[in-house]
Structure formats: structure tokens, C-alpha cells
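Here's the structure we're looking at; comments come further down.
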2 protein chains.
Amino acid sequence: MEEIHLILARNLKAIREKEKLSLEKVSQLSGVSKTMIGQIERGESSPTLTTIWKIANGLKISFTTLINNPQPDTKVILRDEVQVLPEDNGKYRVYPYFPFQDDCRFEMYTVEIDKDGKLKADAHREGTEEFITVFEGELTICVNDSEYCLKKGDAIRFKADRPHTYFNSGETLTKLSMTIYYPS
Amino acid sequence: MEEIHLILARNLKAIREKEKLSLEKVSQLSGVSKTMIGQIERGESSPTLTTIWKIANGLKISFTTLINNPQPDTKVILRDEVQVLPEDNGKYRVYPYFPFQDDCRFEMYTVEIDKDGKLKADAHREGTEEFITVFEGELTICVNDSEYCLKKGDAIRFKADRPHTYFNSGETLTKLSMTIYYPS
DNA sequence: AAATAATGTATGTTATAATGTACGAAACGA
DNA sequence: TCGTTTCGTACATTATAACATACATTATTT
């Protein structure tokens, strides 16, 4: 995920140049120093809420216009550029391929669990659901006092607004795809 | 206009309590210290863009949800609570009764101009229009190399995406209503 | 070409956002 | 009643946003 302040940087600069305004002029309109405007455009600063608000008002544009990221139609994510989030002393590894973005209502991970690795997850928000497909190994999921043992090729869908656990109950590495859906 | 960070404060606290989360829990979800979460909720801090982003992502909510202000159906603005913006050494005074809010596309001022007071305004964004009604005194507007002299009760509408000037050409105080419309 | 103005960047200082730790109050169980 | 836990706030410290000033570079004018 690209850093949010770089998106702002690009948007602000594009808008300013489209309107043919100088840093000085934007500074006058917004009441924010031109130094700060310049730093924001160069991605050197993550401005405070009040500063962003001043700029949006000065330019008579919406807050959203400044921080909206025009998503490309297609985006390839390479394994090497996804940074792993280790849990359970590294035996449970999450790869956030498609992290939450508020234009969609879900996020999608790949998870690897070493033998005996496990994770206890708290209840997510009311209405949240998970969709899991096992690609390698074996996975045991506990939810609602029930145990489900999934083998390679199996899948499960369950309401995740209650505590639940993942456990590699097999002898080999487990790989799975996990999608979490958040209702609006 | 209520300060933006107070809106965020109210929204964040409401969301957190609705989800029955502690400061600690929100801190874990977002990666922002619970001290900071607390300060934001109390309106003691205007957080940076990256901090707001972390919170929005941690709670799986949109940026907009955090900063949206549910407007009351009715709002009375009293003369005394509108703070004047002086120009031309105080001879030209702007009262921003309805400043820009990005859910509407216009803002509305009341303006008072003393005898001989004037203001040169730069071109606004392409497509911007102004709607002026004179309530007291006399007003001369120059735009597009033309002069228009308005008396009490007169009104004018003109495209404001070019330089223009306001001038009290009468002998008494001039009062007028000014609405500026910004195309989306 | 020299002078002037306009624009964006670099520098130093101040204000405050952000964090970690510690503390006090309320809720809970032994 | 006494720990024990959970929760929110207060305090001290560090990181950095925000500003004012000065500087370098390029247009524009004379």
C-alpha cells in the first residue's frame, strides 16, 4: 500500500498546477505557510487534520478530493513486495496481499502456519465474515465451540464476530487464503 | 464553523463506544498509542494524516466516516458569533455567515463597505459565479471592463472567474449579501 | 546585459503531535 | 476487605509539523 501522504502529495500538486496557482497563492488562500505546502507536495510531511482542512477550504475542494487515490485498473502484487506479519513466534505468518481499502469492504491475506502453529483471534465487528480456502496442509478452526478440520482443497465460511482460533493440526506446512468481509 | 478536530473527536468516541472497544484495544488495532487516541477523542490533538489513516484502517472504516459532520436540520447563526474578516484597512468587512462546506458548493457572506472602501478580487476558479444583493447604500462593481452601479435593492450575478472589484461609490455605508458558487 | 520580480527550496526555530511510563478510579473476584 | 484487573488520564520525553526568514533559480522587463 502506497503511503497515504504520498497520495495527498500527488493530488495537491496536480490540483495546484491544474489551477495554475503558485505555492504562495495557495498559502494565501488557505492560511498555511508556503513552506508547508511545498513540503506536503514533496511528500516530506504528513500534515495535521486542521492543516488539511485549511487547504481543502482554501481551494474550495472536498477533503476527499485531496486524499482519493485513483486506483489503476490493474495492479500486480509480487510476493517479494508483500511484507510478512509474524504471529505466534513466527510460526503463524500473514501476508497482506490486499489490505483493507475503504472503497472495498474486504481484505485478503495469504497465511502460512508451521506445524503446531496457532492463533487465537478475538471477535471482529458485528457481521464480519471470513472465507478461508486451504491450499496446502491441514487446518483446524474452532469457532462457536465447534471444531472444523480442513484438508488441502477444503474451504470454510463462518461469522467472525466471535472469538475463533486457527491451528495447524497436520504434520506439514499449512498455506491458506483468507478473506475478511466487513459489513458497512 | 465548528473546529474540524472536534468533529473527529466526537465521531471517533462514538464509534469506539458503539463497538465497545477500549482505548487500549483501538490502540492495538491501529498501531497508534492509546494516549494519542484519548487525546484525539478529547479534542486535544489535531492528528496527522498518517495517524488518521492508521485509525481508519484499524477500525476498518472509511476516512470520511471519521470526519463527516452530521449537520443538524436547522442552525441559527447569531451576528455576534460571526467573526469579521477586515480588508482595505477595515473599510471593507466580510462576515462569513455560511462559509464553504464541501457538502454544498457555495458560500455566503454579508459584506459592509465604508464610504470609499474598495476591494480588488483576483479571478476565482473557472466557472465560479457570484450573486450579490445590495441591502444598504450603493455599490459599483467592475468586471470585464464594465462598470455596474447598484443601488439599494439592486442585485447582480456575474462570472467571477476573472478579476473584479467592489467599490462603495455612495456617501453612506453599503451592506450587501454575497454568495459565491463553485462548480464541481 | 543588468535589474527586477516571481517561484520553489533550504535553514533554523517554535509549537505540538506522538509515544512510553506511571498513576488513580472504577469493576471484579477471592 | 484486600488484591487483581481494566480503563482512562496525567506527566515527561522525543519526533516532527508548522512557520518565518533567507537563498537560489528562472522569467520578465527595462
Side-chain angles (χ1 to χ4, degrees), chain A residues 1-59 63 66-67 120-125 162-163, chain B residues 1-59 63 66-67 85 120-125 163:
Chain A
M1 178 62 181
E2 188 178 11
E3 301 249 17
I4 182 75
H5 71 275
L6 297 181
I7 297 174
L8 171 60
R10 186 152 24 86
N11 288 346
L12 177 55
K13 181 157 198 185
I15 292 168
R16 184 175 66 84
E17 292 179 344
K18 177 154 170 269
E19 302 288 339
K20 300 209 195 312
L21 300 171
S22 65
L23 292 181
E24 176 66 31
K25 190 73 184 139
V26 173
S27 173
Q28 291 171 9
L29 289 171
S30 62
V32 175
S33 73
K34 74 169 181 177
T35 307
M36 178 65 4
I37 303 287
Q39 288 181 0
I40 293 170
E41 283 192 357
R42 274 172 273 137
E44 295 174 7
S45 175
S46 178
T48 63
L49 183 61
T50 51
T51 298
I52 304 173
W53 186 84
K54 285 185 192 171
I55 295 173
N57 277 265
L59 296 178
F63 212 101
L66 282 175
I67 58 163
K120 291 168 68 161
D122 291 334
H124 297 171
R125 149 133 38 87
R162 57 209 68 176
Chain B
M1 177 61 181
E2 188 178 9
E3 301 249 14
I4 182 75
H5 72 274
L6 296 181
I7 297 173
L8 171 61
R10 187 153 22 87
N11 288 347
L12 177 55
K13 181 157 197 185
I15 292 168
R16 183 175 67 83
E17 292 180 344
K18 177 152 169 268
E19 302 287 340
K20 299 207 196 313
L21 301 171
S22 65
L23 292 181
E24 176 67 31
K25 191 73 184 142
V26 173
S27 173
Q28 290 170 10
L29 289 171
S30 62
V32 176
S33 73
K34 75 170 180 176
T35 308
M36 178 64 4
I37 304 287
Q39 288 181 1
I40 293 170
E41 283 192 356
R42 274 173 276 137
E44 295 174 7
S45 174
S46 179
T48 63
L49 183 60
T50 51
T51 298
I52 304 173
W53 186 85
K54 283 185 194 172
I55 296 172
N57 276 265
L59 296 178
F63 212 101
L66 282 175
I67 57 164
L85 307 171
K120 293 169 67 161
D122 291 334
H124 298 170
R125 148 132 39 86

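Below, read A as the first sequence line, B as the second, and so on, with proteins coming before strands; counting in each chain starts at 1.
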Can you tell me if A:T35 touches the phosphate of D:dA20, counting only side-chain N or O atoms and a distance under 4.0 Å to OP1 or OP2? no
Protein-nucleotide distance (B:L23, atom CG; C:dG20, atom P), rounded to Å: 15 Å
Taking every heavy atom of A:K34 against every heavy atom of A:L23, the minimum-distance pair comes out as CB-O, 3.8 Å
Where the side chain of B:R10 meets the backbone of B:G43, is there a donor-acceptor pair that is under 3.5 Å apart? no
For A:E41 and C:dG8, what is the distance between atoms CD and P respectively, to the nearest whole Å? 8 Å
Rounded interatomic separation in angstrom, taking CZ from A:R42 and C1' from C:dT11: 12 Å
Would you kindly compare B:E44 and A:S22 by the position of their nearest DNA chain C nucleotide and give the one closer to the 5′ end? A:S22
By nearest-heavy-atom nucleotide on DNA chain D, the more 5' of A:I40 and B:K34 is B:K34
Considering non-hydrogen atoms only, spot the tightest contact between B:T50 and A:S46 and give its length. N-OG, 3.0 Å
Whole angstroms only, please: what is the CD-C1' distance between A:E17 and C:dG8? 11 Å
Between C1' on C:dT11 and CE on A:M36, what's the gap in Å once rounded to a whole number? 14 Å
Go through C:dT19, C:dT9, D:dA18 for me and flag the one nearest to the A:S45 side chain. D:dA18
Taking any heavy-atom pair under 4.0 Å as a contact, classify B:S33: base, sugar-phosphate, or nothing. base
With a 4.0 Å limit, can you tell me whether B:T48 has a side-chain N or O closer than that to the phosphate oxygens OP1/OP2 of D:dT16? no
Can you tell me the distance, in whole Å, between the NE2 atom of A:H5 and the P atom of C:dA17? 19 Å
Presence of B:R16 side-chain N/O under 4.0 Å of D:dC7 phosphate oxygens OP1/OP2: no
Please report the closest heavy-atom contact between A:L66 and A:N11, naming both atoms and the distance. O-ND2, 2.8 Å
Rounded to whole angstroms, how far apart are CD on B:E24 and P on C:dA27? 19 Å
I need the CD-C1' distance between A:Q39 and D:dT16, as an integer number of Å. 10 Å
Treating A:T48 as the side-chain partner and B:T48 as the backbone partner, does any N or O pair qualify as donor plus acceptor under 3.5 Å? no
